[in-house]
Structure formats: C-alpha cells, structure tokens
Amino acid sequence: MPELPEVETVRRGLQRHLAGRRIVEVEVGRERVVRRTSREALIAGLTDTVVERADRRGKYLLLPLDSGDSMMIHLRMSGQVLLAAGGTERPAHTHVVMHLDDGNEAWFADPRTFGEVVVFDPDHIDNELPELNKLGVDPIAERFESSDLHAAIGRSKRALKPLLLDQHVVAGIGNIYADEILHDARLHPERAASSLDARRVERLHRSIVKILTSAISAGGSTLSDSQYVDLMGVGGSYQDEHAVYAREGLRCLTCGRGFVRRIVSGGRSTHYCPVCQR
DNA sequence: AACTGTCCCTGCAAGC
DNA sequence: TGCTTGCAGGGACAGT
C-alpha cells in the first residue's frame with residue numbers, strides 16, 4: 001500500500017525517467033481512473049506536452065507540464081506507475097498508457113481502481129483539486145519541525161493513530177507507517193494527542209522523520225501481495241524492518257517482553273506492543 | 001470537534 | 001474441488 005516512502009520512491013523514478021520527456025500519445029482504458037474529469041480531458045491535457053519534473057505532496061504525485069497544467073497521480077490502494085520499452089506486454093489493469101518520445105511507455109495500472117490520474121490547472125486548485133490545499137505539512141519534502149507537529153496536534157483529544165492517519169495534520173503517513181512510527185516513539189496508538197508533553201511530541205516528531213527516511217532508503221515496503229513496486233517493477237525492502245505491522249502475536253522485537261497486539265483504531269487495523277508503548 | 005459508517009474495487013484466503 | 005463470504009485499505013463524505 002503506497003504511503004509516503006513508496007510514493008517518494010516512485011517520484012524519484014519519475015524524476016529520473018519521465019522529467020524532460022515529451023508525451024507523444026496517450027491511451028485511456030477504464031474511465032474510472034480519470035473520473036475527476038474525463039478520458040478526453042486527460043488525452044487532450046497530456047498529448048504533446050513535456051513533463052518538466054516530478055514533485056510530491058503527501059501521497060500525491062504532481063508533475064508540472066510545459067503547457068502550464070500539471071498532472072496529478074494518486075496511487076491510493078493498489079495503483080502502480082511503471083516504465084517499459086514501447087510494445088512490452090502490459091500487465092492486467094493497465095488503465096493509462098503514455099507513449100514517450102524516447103520510445104518508452106509509462107503505464108498507470110491499478111486493479112482496485114481507487115487511484116486516479118488527472119490533468120489540472122495549478123491556478124485553479126481550489127476548483128479542480130481542492131483537497132491539495134487542505135493537506136498538512138509534508139514531513140519529508142518541506143521544513144518540518146517539532147513545533148509544526150505541536151501546532152498541528154494543538155489540544156486535540158483525538159487518539160494518536162487516527163491523528164497520524166489524518167492527511168490534514170501531517171501528509172503522507174498511512175496505516176503501516178503510523179504503526180511503525182508510534183512503536184518507535186514508544187507511544188500507545190490510542191493515547192490522546194493532548195496528553196503528550198513537549199518531550200513526547202519531540203519524540204514523536206523524531207520517529208516520524210526517522211521511520212519515513214529509513215523506509216525511503218529501503219525503497220519502501222512491499223508486502224506479500226507484491227502490490228507495491230517502483231517504476232521498474234522492483235519491490236522495496238523495508239517490510240523486513242517492520243517492528244509491529246503484520247506481526248500480531250509475535251514477540252516484540254524492541255523490548256523482547258511484550259507480544260504484538262492487533263486492535264482496530266479509527267477503523268484501521270493497528271499493531272502495537274502493550275509493554276513498550278504507553 | 002470527533003466519532004462511526006458507507007462507498008468505491010479487486011484479489012486473496014478462509015470456511016463451508 | 002468449488003463455491004460463498006469476508007477482509008484488506010485511502011480518502012471523501014454523510015450522519016450523529
């Protein structure tokens with residue numbers, strides 16, 4: 001499941017292989033992935049434009065085009081962006097194909113079609129992509145200090161787990177990294193945010209940066225379903241470093257005394273060690 | 001403000 | 001073996 005580290009890994013691939021390339025032809029299969037506008041709008045918006053660079057905000061990939069518009073790609077649950085030589089057999093559920101001027105093709109594939117691709121006008125974000133301006137601070141791309149986290153948390157009575165998952169607070173953290181971050185910070189996922197003293201907010205801040213940075217270095221997490229791969233189809237390795245996620249019932253690797261417990265918090269499965277997370 | 005539930009969708013695993 | 005059911009999850013949204 002692509003979260004910030006996976007999306008950042010894809011972004012780096014796009015910056016390397018798509019930036020500077022001209023899109024010469026576009027094919028759109030299932031219309032659901034272009035539901036925000038239309039098949040025609042995506043084809044018209046991308047055809048014969050040059051991708052200037054690849055940016056990211058939270059889990060949103062943003063690719064400014066030389067036309068003045070930008071392409072936004074969101075992978076959601078099962079989306080993949082892949083690069084391949086022209087004519088290569090496409091995987092199932094390939095919904096968008098961009099033919100590039102170097103003979104390669106960029107594909108957007110997504111079995112569950114929660115993901116989307118859209119071309120939008122950055123001058124009209126409020127109309128065309130309103131959620132973008134509502135995103136919280138990006139903990140990697142932007143300046144992110146402990147004081148930012150303190151301000152974002154405020155006097156919120158919410159539990160830490162749903163708070164970390166809220167993209168309006170900090171953008172980019174999903175279910176896997178929320179669990180890993182809270183474990184690293186030795187904080188209980190159901191602890192109220194308002195109960196954190198300055199020292200604990202600082203600890204949480206450090207863990208957010210540390211876990212996300214480590215996961216990016218490892219190329220993200222590829223779970224047993226192999227859903228996430230980078231632009232070249234290669235999986236990440238951070239799943240080998242997971243301390244709690246999907247380790248229900250196993251002994252805690254950190255304290256060696258507790259056993260990882262799984263609960264549902266904020267409607268999401270949540271893993272933590274009841275001994276070292278308080 | 002904060003919570004719960006619903007929807008979108010497919011693939012996989014468990015249970016019968 | 002072959003079916004049905006349930007579950008996984010990001011995020012917007014509605015309802016309480």
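Computed over heavy atoms, backbone and side chain alike; hydrogens, waters and symmetry mates excluded.
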Run the salt bridge (charged side-chain N to carboxylate O under 4.0 Å, His left out) test against [X] and tell me which residues pass, sequence neighbours left out.
| X | value |
| --- | --- |
| A:R158 | A:D166 |
| A:D148 | A:R143 |
| A:D69 | none |

Which residue pairs satisfy the salt bridge (charged side-chain N to carboxylate O under 4.0 Å, His left out) criterion with at least one member in residues 112-132 of chain A, sequence neighbours excluded? A:R36-A:E116, A:R36-A:E131
For A:I263, the rest of its hydrophobic cluster, which grows through side-chain links under 4.5 angstrom: A:Y272
Given a cutoff of under 4.5 Å between side-chain heavy atoms of I, L, V, M, F, W and Y, with clusters grown through shared members, what are the other residues clustered with A:V118? A:Y60, A:L62, A:M72, A:F120, A:I125, A:L129, A:L132, A:L135
Identify all pairs in which a protein N or O lies below 3.5 Å from an N or O of nucleotides 12-16 of chain C, and state each distance.
unit_1: C:dA12; atom_1: OP1; unit_2: A:Y60; atom_2: OH; d: 3.4

So, do [X] and [Y] sit near enough that their side-chain heavy atoms are less than 4.5 Å apart?
| X | Y | value |
| --- | --- | --- |
| A:R22 | A:D48 | yes |
| A:V24 | A:L100 | no |
| A:V119 | A:S70 | no |

Is A:R35 salt-bridged to A:E31, cutoff N-O under 4.0 Å? no
Would you list the pairs meeting side-chain hydrogen bond (donor to acceptor under 3.5 Å, both in side chains) in which at least one residue belongs to residues 235-253 of chain A, sequence neighbours left out? A:S221-A:H242
First contact, last contact: which nucleotides of DNA chain B are these for chain A, 5' to 3', heavy-atom distance under 4.0 Å? B:dA2 to B:dG11
Between the main-chain N or O of [Y] and the side-chain N or O of [X], is there a donor-acceptor pair closer than 3.5 Å?
| X | Y | result |
| --- | --- | --- |
| A:H205 | A:F144 | yes |
| A:E180 | A:A243 | yes |
| A:E3 | A:N175 | yes |

Between P of C:dG9 and CD1 of A:I173, the distance in whole Å: 16 Å
Go through residues 27-34 of chain A and report each residue with a non-hydrogen atom lying under 4.0 Å from DNA chain B, sorted by number. A:R30, A:R32
Over 12 non-hydrogen atoms of neighbours within 6.0 angstrom of CZ in A:R257: no
Strictly under 3.5 Å: I want the nitrogen or oxygen pairs between protein and nucleotides 5-8 of chain C, one per line.
unit_1: C:dA8; atom_1: OP1; unit_2: A:R262; atom_2: NH2; d: 2.3

In degrees rounded to 10°, what angle is found between the helical axes fit to the five outermost pairs at each end of the helix from B:dA2-C:dT16 to B:dC16-C:dG2? 50°
